[in-house]
Amino acid sequence: MSKHHRIHQTQNKAMSGDQIPIYTCPMHPTVQQANPGLCPECRMQLLPVKKKTQMQMPATASDHHEHMNHDQHDGHSVNMFKNKFWLSLLLTVPTLVFSNTVQHWFGYHLTFSGSQYIPAILGMIIFLYGGLVFLKSAKVELENRLPGMMTLISMAITVAFGYSIAVTFKLVNGMDFWWELATLVTIMLLGHWLEMASVQNAQGALNELAKLLPDEAELMRGKDLIKVSVAKLSVGDIVLVRPGARIPTDGEVVKGESDVNEAMLTGESKPVKKMLSAQVIGGTINGSGALSVRVTRIGADTTLAGIMKLVADAQNSKSKTQILADKAAFYLTFVAIGAAVITGIAWGIDGKSVGFILQRIVTVLVIACPHALGLAIPLVTAISTTLGAKNGLLIRQRMALENARNIDVVLFDKTGTLTKGEQGVVDIVADGDKNELLALAAQVENESEHPIARAIVNAAQELKLQTKQATNFTSLAGRGAQASVNGEIIYVGGPRLVEELGATLPEAIALAAAQASAEGKTVIYVILSNKVQGAIMLADVIREESKEAVAILQAMGKRVAMLTGDSQGVAAWVAKELSISEYFAEVLPDKKAETVKKLQADGSKVAMVGDGVNDAPALTQADIGIAIGAGTDVAIESAGIVLASSDPRGVAKVVKLSKATYRKMLQNLAWATGYNALAIPLAAGVTAAMGFVLSPAFGAVLMSVSTIVVAINAQFLRKLKLQ
């Protein structure tokens with residue numbers, strides 16, 4: 001698969017049949033897909049057509065690459081508009097130089113035999129060469145009964161062309177429009193070139209994701225290393241990832257240890273420690289250690305491919321603002337045509353010449369093109385979606401991002417979201433040194449595979465505590481374990497073991513243990529010489545980022561609540577640690593959605609953040625469902641937004657991005673609609689009595705400037721810092 005164009009493959013679905021309904025772009029007829037949406041090239045609304053063919057995704061990477069090149073050769077690309085603009089500009093210059101009107105304006109006289117026909121000849125060439133792309137696109141719009149900006153442009157240049165032909169061949173008396181036509185087409189081509197370049201630039205960040213994967217991987221075959229294309233890797237292959245190299249595909253570490261930079265996919269700036277059995281993501285950067293990785297997912301099944309598809313789907317989904325803008329652009333077309341007709345009738349009644357009337361009609365049609373309005377939202381959509389992806393926010397539904405700015409309550413599921421969903425040491429009480437007690441317990445539990453034992457050993461390793469080798473390890477079923485350390489028998493276990501041994505339990509340790517048990521923590525005692533030396537408290541470990549995530553949201557004025565199926569004691573402890581005053585404990589999986597409804601009862605907009613299968617109904621019930629990316633596929637499918645990492649601080653980023661995106665959309669809409677409201681009367685000639693008449697060429701300039709202003713304003717969204 002061509003990594004530069006992998007994104008476009010996700011937008012096509014195989015279809016067959018005699019008459020297949022497909023959707024295509026009026027500007028890029030080679031862009032075809034089974035469902036309505038926006039053109040991936042220029043973000044225009046795709047129009048329905050019927051095609052007697054079979055749509056299929058390219059069978060191979062080279063097929064797809066050739067397909068994309070063929071699209072460009074068909075003449076519908078940024079380069080096409082650029083090339084047409086420069087040649088049209090080259091022809092427009094002599095058209096202007098030899099125009100009688102321009103010569104009169106600037107007070108010069110340049111003629112020779114036949115020079116009077118130069119504007120007509122060059123004007124015809126410009127119309128047929130530069131204007132044909134607009135005429136073809138208008139044909140598609142009219143065939144589908146969805147007239148739009150291409151229809152208006154085509155009407156304008158066709159009227160100017162037809163009238164100029166009639167004047168040139170003495171069919172009517174008047175002043176021809178050749179220089180206006182040439183300038184009009186050239187400026188239109190410039191506007192489309194700049195617009196499409198802006199859109200392509202907006203999508204560029206997404207395309208950069210495709211470039212994260214290396215072209216080759218080092219495949220391990222026995223003791224040999226073979227360089228192969230990443231596309232030829234299979235599930236189960238073992239690849240060597242050298243220090244500083246990119247990981248070629250998703251896999252599992254089978255040998256080695258290293259820190260991996262996953263920032264480009266998750267937004268996490270801190271490298272992630274990878275050891276034996278750890279999962280790695282294709283496209284991320286290996287640190288200073290070499291890793292042997294078993295391939296677990298390839299091609300479209302990889303994390304990177306999934307992220308790209310989510311982003312592509314989001315860019316083709318619509319928000320309420322987009323739907324409003326689409327309707328406005330559609331109706332503006334009819335407003336423009338109506339304004340042109342009224343302009344013609346009004347000036348006809350006033351007794352103006354045919355040339356003047358046609359000038360006003362052409363100017364109205366050009367200046368009223370809903371180009372800026374059509375671009376106002378899609379360009380912001382493309383930029384915000386890719387900006388979100390670069391920060392670990394995957395927008396599955398545009399509606400979800402748009403609504404996030406209005407959220408009143410953020411409801412977190414506890415396990416796996418605010419906590420890690422795994423047991424860890426959260427407190428230690430000891431007669432002596434706490435670290436010595438932990439090291440002693442880790443020595444005993446080192447050979448055990450029990451989750452609690454592994455949590456104790458991991459805690460000691462994280463603190464880099466020195467531990468000696470224990471001997472005579474024995475597992476005590478249901479009670480704990482024992483082993484010999486320095487010739488002394490050490491017991492590690494729960495209350496039953498203390499009771500069974502009749503060990504002395506100091507009052508301070510007993511009180512601390514009782515408090516921990518009330519909070520739902522697991523208490524493990526360390527016993528030496530028939531006396532409890534201390535207690536280790538374990539619980540579902542709270543994520544380091546959770547406290548900050550809650551604080552940021554509360555500072556934004558959001559209510560933060562927590563939902564869990566755990567006991568009241570566990571919920572109270574976690575809520576206290578995170579400064580959450582509103583929590584719901586002992587909630588059964590099928591009752592989580594009802595909790596969301598309760599919060600919605602007073603009209604509050606609720607965002608539900610979860611990661612598990614049992615969170616899916618609540619994610620769906622909430623006004624916005626936000627899934628932790630490390631969660632299950634079911635939860636992700638039920639959510640409108642996915643956090644690529646497990647960092648709950650991403651929720652605040654979603655709210656910030658939502659507000660900035662909506663603000664930028666409103667700015668663009670205000671400019672696009674305000675421009676048309678002011679420009680159409682000027683184009684119609686309301687200021688003619690004051691001696692100011694807007695020419696078609698200047699109208700084209702204003703229309704292009706409006707589009708460029710919208711495009712530039714959208715680009716400023718790139719500067720938004722979500723950290």
Side-chain angles (χ1 to χ4, degrees), residues 213-214 217-223 225 230 233-266 268 270-299 301-307 415-417 419-425 442-443 445-465 467 473 475 481 538 540-541 543-544 611-613 628-633 635-636 644-647:
L213 290 179
E218 292 191 79
L219 179 63
M220 302 178 71
R221 290 275 173 84
K223 295 182 179 179
L225 284 176
V230 171
L233 292 177
S234 301
V235 173
D237 284 344
I238 306 294
V239 295
L240 174 66
V241 185
R242 298 181 186 275
R246 288 192 182 273
I247 295 171
T249 189
D250 292 5
E252 179 184 2
V253 177
V254 294
K255 183 181 179 182
E257 182 177 321
S258 185
D259 291 323
V260 175
N261 184 347
E262 299 182 343
M264 68 289 296
L265 295 179
T266 65
E268 295 271 11
K270 185 179 178 181
V272 181
K273 190 77 172 178
K274 300 295 182 182
M275 304 170 68
L276 188 65
S277 300
Q279 301 298 311
V280 292
I281 303 171
T284 54
I285 303 173
N286 187 24
S288 58
L291 295 175
S292 294
V293 176
R294 179 187 292 112
V295 176
T296 56
R297 289 187 292 189
I298 58 174
D301 295 328
T302 62
T303 301
L304 181 61
I307 288 174
T415 307
T417 304
T419 66
K420 293 183 178 180
E422 58 187 41
Q423 289 284 306
V425 175
Q443 288 172 256
E445 299 283 23
N446 193 47
E447 295 183 28
S448 175
E449 292 300 323
H450 192 281
I452 289 178
R454 298 321 305 164
I456 291 174
V457 172
N458 289 339
Q461 289 177 343
E462 287 178 7
L463 293 173
K464 298 181 180 180
L465 301 180
T467 58
F473 171 81
S475 176
L538 298 99
D540 186 1
V541 182
R543 295 187 188 279
E544 296 176 3
D611 77 321
V613 174
I628 291 289
T632 65
D633 291 338
I636 289 174
S645 72
S646 298
D647 189 344

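In this chain, numbering begins with 1 at the start of the sequence shown.
For the pair N446 (side chain) and Q443 (backbone), a donor-acceptor distance under 3.5 Å is absent. Remark: the backbone N or O of V241 is paired with a side-chain donor or acceptor of N286 at under 3.5 angstrom. At least one donor-acceptor pair closer than 3.5 Å links the side chain of R246 to the backbone N or O of G283. Between the T249 side chain and the R297 main chain, a donor and an acceptor come within less than 3.5 Å of each other.
P248 and L233 make their closest contact through CB-CD1, 4.2 Å (heavy atoms, listed as atom of the first residue, atom of the second, distance). Minimum heavy-atom separation, L538 to A455: CD2-CB, 3.6 Å. Here the shortest heavy-atom pairing between V230 and P214 reads CG2-O, 3.0 Å. Minimum interatomic distance between L219 and R221 (heavy atoms only, all atoms of both residues): CD2-NH2, 3.2 Å. Among all heavy-atom pairs drawn from E252 and T296, the shortest one is N-CG2, 4.0 Å. Between V425 and A459, the shortest heavy-atom contact is CG2-CB, 3.6 Å.
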Show the atom names and distances, to 0.1 Å, of all donor-acceptor pairs under 3.5 Å that link a side chain in residues 271-282 to residues at least two apart or in another chain.
| residue | atom | partner | partner atom | Å |
| --- | --- | --- | --- | --- |
| K273 | NZ | E257 | OE2 | 3.0 |
| K274 | NZ | E262 | OE2 | 3.1 |
| K274 | NZ | Q279 | O | 2.8 |

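Annotation: salt bridge (charged side-chain N to carboxylate O under 4.0 Å, His left out) contacts of R242 (sequence neighbours excluded): E218. By the side chain to side chain contact (heavy atoms under 4.5 Å, CB included) test, L465 pairs with N435, L438, A439, A460, L463, sequence neighbours left out. With sequence neighbours excluded, the residues forming a side chain to side chain contact (heavy atoms under 4.5 Å, CB included) with K255 are S292, listed by chain and number. Contacts of E447 classified as salt bridge (charged side-chain N to carboxylate O under 4.0 Å, His left out), with partners at least two apart in sequence or in another chain: none.
Within the model, atoms CG of D647 and OG1 of T417 stand 12.0 Å from one another, a figure rounded to the nearest 0.5 Å. Atom OG1 of T284 and atom CD1 of I247 lie 3.5 Å apart (nearest 0.5 Å). With rounding to the nearest 0.5 angstrom, the OG1 atom of T419 is 7.0 Å from the CZ atom of R543.
Counting heavy atoms from C-beta on, the side chains of V293 and V254 never come closer than 4.5 Å. Residues D250 and V295 fail the side-chain proximity criterion, which asks for heavy atoms closer than 4.5 Å. Using a 4.5 Å heavy-atom cutoff, the side chains of L240 and L225 are in contact.
Evaluation of the salt bridge (Lys or Arg N to Asp or Glu O under 4.0 Å) test over residues 452-462, restricted to residues two or more places apart or in two chains, returns none.
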